[in-house]
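Comments concern the structure below.
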There are 2 protein chains.
Amino acid sequence: MTTLKDVAKKSGVAVGTASAVINNKSWVSEKTRQRVLQAIKELNYQPNQLARNLRTQRTNTIGVIVPDITNPFFPQIIRNIGALAHKYGYSIILCDSNEDYQLGIEAFHVLLDKKVDGIILIGGVVPKRELVKYLDKKHPLIVVIERDYGIPEIATVVVDAIKGGYLATKHLLDLGYNKIGIITGPLDDDDFYRGSFGRYEGYKKALEEYKISFNPEIVKQGDFSLNGGYKAMKQFLENNSQVQAIFAFNDLMAIGAMEAIKEKGLRIPEDIAVVGYDDIPEASYVFPTLTTIRLPKAQLGRMAVEILLNHTKKKPEFSIKKVLPLELITRQSCGAPLKLKSNLKWRY
Amino acid sequence: MTTLKDVAKKSGVAVGTASAVINNKSWVSEKTRQRVLQAIKELNYQPNQLARNLRTQRTNTIGVIVPDITNPFFPQIIRNIGALAHKYGYSIILCDSNEDYQLGIEAFHVLLDKKVDGIILIGGVVPKRELVKYLDKKHPLIVVIERDYGIPEIATVVVDAIKGGYLATKHLLDLGYNKIGIITGPLDDDDFYRGSFGRYEGYKKALEEYKISFNPEIVKQGDFSLNGGYKAMKQFLENNSQVQAIFAFNDLMAIGAMEAIKEKGLRIPEDIAVVGYDDIPEASYVFPTLTTIRLPKAQLGRMAVEILLNHTKKKPEFSIKKVLPLELITRQSCGAPLKLKSNLKWRY
DNA sequence: AGTCATAATTGAATCGTTTCAATTTACATT
DNA sequence: AATGTAAATTGAAACGATTCAATTATGACT
């Protein structure tokens, strides 16, 4: 291993000077700079990052925790985080909490241990109570995507989830569906609906606007997974709940719900319409294609990185919160309900 | 920041002893061990990993490079790598090369720079010529998943891809399809078919067995992406190539091909049958569901980690290669061709 | 030539651990 | 009590960079 000392010796300067060249401090004379550069090349010297990390207490690494890497929504965000971070010379340590708070907390501590320069939390991967414990201490900057903990020291990048929930529900109401079941995220002790709260509020707001009373019996809890959506939908179907449409709080659950509906021999949207949330790529190639709320995935990721790296030297003294826009994407899984259309019976 | 020195002072021992306690070396007496532990607790001491890393030249980190994190095949592997690594106290630095050799090479160098304890390459993310450059130098252990570079110093975990290609093709041949087009991975200057070579061989082997001559005109190059599959299929359809079935070298391209086929108003499998490769979750919920070759994704990931961590202290002196089993999963996208079935015309 | 400000350079201290040769302690044996 | 051996403990030297106060060189100006 060749070290800075070797470089210094070879080029006949002090290690401090060699270091200055590497970090191109302006005060090194051109002559010595060239000499050092030459030695670096000849010795094929690579600075040891570990020594650098120890001395500077920085790692050029940011930690990312995602709730479920197999949910196609997240890779889209991760890709953008990774690409932008790379551009700025940072790497990412990725942790998958598998929708499990315990794993999320563990991951959080690992990242603190590793002295990452910043942490990006995607979704509600760490419970609020755990997070607040670390705010008084010297902690790396934390940015949360798609979850608003309401903690001023933590930067937040979200979409207007209430509007999202509202748009999805309103779309169904406008088409004539009155009994709209919802499949939410996991209910939680101290973090209500794990951040799917906004969608929930939006749903209720739309109902209110259309003077339809909220019916808690057609609210089922999911877990943001395909299977969770499938199972929740099964409950709707078995309970003879008579729902005319379903608003699933993410696309994966929507697709799971569609599986259950098709399995039962019912048609989408003629018998039951479905709306999702996220707009993952799959939404446009499942059958029928899924109407959903599109989140700006690339922007969410990039914005989080921008915020993090802009404040990595010194913490911002004001609280940061960005709200990004979302939009309704209309596809096949919604349509006017049967009674308003032809009465033709046809099964898959 | 409280350091080991503080702990040592507080408990009245030398720092060497305190260090020994932390790394629970057996020769520390129970009495002093307790004293040190007590001090650690009272001071709420956390060892500084960066100092540790520098001193030991180890980081408890493994680097992972994937070709495309938005391809659902990879998150399944990543999850398993991450989970097992975490269990053994390791974190992963994830790099997404976006199917771009240049980015793959950059990622590789970043990982070497960061002094990761090992590197897992998934698929052909780094060209062979780049890899061999680093074999004479002191490099971390490298394990490659789903790609056989044929370099003894590099550990390899693959499936029997020739068998995979063979099974997929044979299945179609058995159903009566004779003209089977294929959509391969990217053709490459120095890395032929970027590791999709095995599937290609298997395809040819099956044809041979059925005495069907190989026709290079029905071989199209894809890029392992949905869109790549879509475009390749378009070519087949526009060229009036008369293919009766398609074997796409991964599921994503197969799904893309299905989109093109459906868009053209043709039926699957009645007009054109499709087989994929990987068995991503989507294969079972697209329409029609996709017949494919299932790869043991969890096992691939876990095996790579096992190999890496078993040899992280000292390099193995023999070359390691594991071949895992795969299987054909039959779903709706294949069936006997039209002439052998009913002649009913029906379009989507 | 002398003075002074500025530009370059030096090298020891530091970051916080682990490691290991040297030393001390404890205890059994004669 | 002396001796020998094994068990505990010590603390200085690494690991390889960055930082910064101190020093030296350079050149402009009188």
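Labels below follow one simple rule: chain letters A, B, ... track the order of the sequence lines, proteins then strands, and each chain is numbered from 1.
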At 4.0 Å (heavy atoms only), tell me whether [X] reaches a base, stays on the sugar-phosphate, or touches nothing.
{"X": "A:Asn53", "answer": "nothing"}
{"X": "A:Thr56", "answer": "sugar-phosphate"}
{"X": "B:Gln49", "answer": "nothing"}
{"X": "A:Thr17", "answer": "base"}

* Can a side chain N or O of B:Thr32 be found less than 4.0 Å away from OP1 or OP2 on D:dA8? ->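 B:Thr32 to D:dA8 OP1/OP2: no side-chain N or O under 4.0 Å.
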* Looking only at side-chain N and O atoms, does B:Ser19 come under 4.0 Å of OP1 or OP2 in C:dT18? ->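 It does, given that an N or O in the side chain of B:Ser19 lies less than 4.0 Å from OP1 or OP2 of C:dT18.
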Can you tell me how far [atom2] of [N] sits from [atom1] of [X], to the nearest Å?
{"X": "A:Asp113", "N": "C:dT17", "atom1": "CG", "atom2": "P", "answer": "11 Å"}
{"X": "A:Lys9", "N": "D:dG16", "atom1": "NZ", "atom2": "P", "answer": "13 Å"}
{"X": "B:Asn23", "N": "C:dC20", "atom1": "CG", "atom2": "C1'", "answer": "14 Å"}
{"X": "B:Glu30", "N": "D:dT9", "atom1": "CD", "atom2": "P", "answer": "11 Å"}
{"X": "A:Lys31", "N": "C:dT9", "atom1": "NZ", "atom2": "P", "answer": "7 Å"}

* Asked: Just by modelled atom types, is the A:Gly63 backbone N or O under 3.5 Å from a matching donor or acceptor in the A:Lys114 side chain?
  -> no
* Output field: ring centroids B:Phe73/B:Phe224 closer than 6.0 Å ->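 Ring centres of B:Phe224 and B:Phe73 not closer than 6.0 Å.
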* **A:Arg55 (side chain) and D:dT18 (base): donor-acceptor pair under 3.5 Å** => yes
* **B:Lys115 atom NZ: more than 12 heavy-atom contacts under 6.0 Å** =>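 Enclosed.
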